[in-house]
Number of protein chains: 2
Amino acid sequence: MRAAKAEAVMPDGQPQIDRLFHALGDPTRRAILDALVHRPASVSKLATPLGITLTAVIQHLEILENAGFVHTEKLGRVRVCRLEPGGLDTLEQWIREHRTAWEKKLDRLGEALREEYEGN
Amino acid sequence: MRAAKAEAVMPDGQPQIDRLFHALGDPTRRAILDALVHRPASVSKLATPLGITLTAVIQHLEILENAGFVHTEKLGRVRVCRLEPGGLDTLEQWIREHRTAWEKKLDRLGEALREEYEGN
DNA sequence: CAAATTGTCAAGTCAATACTTCAGTATCAT
DNA sequence: ATGATACTGAAGTATTGACTTGACAATTTG
């Protein structure tokens, strides 16, 4: 995810969308989410079945939190992690929007197949 | 996206899902998709507004193709790139599935709030 | 055919990621 | 108070990822 050279349209990327996709792009993080679907859990409870260190889990949790998928809160010496309600909403909306445009245009593909990039 | 150490449940990750999220996690690739929504395009047509080299675009296209979002085909010296119909289907399905479980469990949060990790 | 267009390949750079280890800090239990 | 638990923070390592450059190859086009 490096910054693109400045020129023309250069997408700076909606950083929130970036965070969503990036967070879900890692299998370990998806496993954490799956675990949290069943019940809230502490950092070490999450770490054990994953076979990685606490530190690594915390790092993943930070990413998941920034993406709005989980919320964590420290109770005593334990950090309790839960799913964030509505965490998937933004993502779902992104997909809905894009899917609409996507399908809409593809419908015209039959007619436009050749001419569309003839003049360009 | 490094391989996790072998132990316990270690999620190897459904590689297809990995590819989907990874592909969409980059703003440049999303910009390419947005461009292709309007019309099919050649590699250089895609490259110009992005301000990156042809080579870079080709690399992105490979990723988008592997994720099933675009299809490219070489006609003469030009590579024509189009959106792949149904490219978002798998992703949508993933979200639907997870959203269901997600919401289902969260409904019980009120009652379970404290007891759920008491015995654990 | 020669020149221009369009893309491809192999390598290399540099930053971001996914981990780790190790040395603390805060809480809880006895 | 002592020791065990549960996490935190800083720093380091190795792999991936997003680009580039530069040397080709394959089509057009004049």
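Nothing here was measured: the structure is a model prediction, and the numbers come from that model. Labels below follow one simple rule: chain letters A, B, ... track the order of the sequence lines, proteins then strands, and each chain is numbered from 1.
- OP1 or OP2 of D:dT8 sits under 4.0 Å from a side-chain N or O of A:Lys74.
- The minimum heavy-atom distance between A:Trp102 and B:Gly86, with the atom names listed, is NE1-N, 4.4 Å.
- In this structure, the CD1 atom of A:Ile58 is 16 Å from the P atom of C:dT25, given to the nearest Å.
- Under the 30°/60° scheme for interplanar angles, the aromatic rings of B:Phe21 and A:Phe21 are found to be tilted.
- Among the nucleotides C:dG7, C:dA18, D:dA18, the one closest to the side chain of B:His22 is D:dA18.
- Side-chain nitrogen and oxygen atoms of A:Thr28 include none within less than 4.0 Å of the OP1 or OP2 phosphate oxygen of C:dT17.
- Taking only distance into account, the side chain of B:Gln59 meets the base of D:dT20 through a donor-acceptor pair shorter than 3.5 Å.
- The nearest pair of heavy atoms linking A:Val70 to A:Leu61 is CG2-O, 4.1 Å.
- Straight-line distance from the CZ atom of A:Arg19 to the P atom of C:dA16: 15 Å, rounded to whole Å.
- In this structure, B:Ile63 reaches the sugar-phosphate backbone alone: every heavy-atom distance under 4.0 Å involves primed, P, OP1 or OP2 atoms, never a base.
- Atom CZ in A:Arg79 sits roughly 9 Å away from atom P in D:dG9 (whole-Å rounding).
- Contact of A:Glu62 with D:dT8 (side chain to base): no donor-acceptor pair of N or O atoms is detected under 3.5 Å.
- A sub-4.0 Å separation between OP1 or OP2 of C:dA18 and a side-chain N or O of A:Thr53 is absent.
- Taking atom CD1 of residue B:Ile52 and atom P of nucleotide D:dT21, one finds them 12 Å apart after rounding to whole Å.
- In this structure, CG of B:Asp26 is placed 15 Å from C1' of C:dT17, rounded to the nearest angstrom.
- Atom pair B:Arg29:CZ and D:dC19:P shows a separation of 8 Å (rounding to whole Å applied).
- Counting atom types as modelled, A:Arg77 pairs a side-chain N or O with a base atom of C:dT27 as donor and acceptor under 3.5 Å.
- One side chain, B:Arg29 or B:His60, offers a donor N or O that lies under 3.5 Å from an acceptor on the other.
- Counting only heavy atoms from C-beta on, A:His60 has its side chain closest to C:dA18 among D:dT8, C:dA18, D:dT20.
- With DNA chain C read from its 5' end, the first of the two nearest nucleotides for A:Gly76 and A:Leu54 is the one closest to A:Leu54.
- Between the side chain of A:Thr55 and the base of D:dG9, at least one donor-acceptor pair of N or O atoms lies under 3.5 Å.
- B:Gln16 and B:Thr90 share no side-chain donor-acceptor pair at under 3.5 Å.
- Put simply, CD1 on B:Ile32 is 12 Å from C1' on D:dA18, counting in whole angstrom units.
- The CG-C1' distance, from A:Asp18 to C:dA15, rounds to 16 Å in whole Å.
- In this structure, A:Ser42 reaches the sugar-phosphate backbone alone: every heavy-atom distance under 4.0 Å involves primed, P, OP1 or OP2 atoms, never a base.
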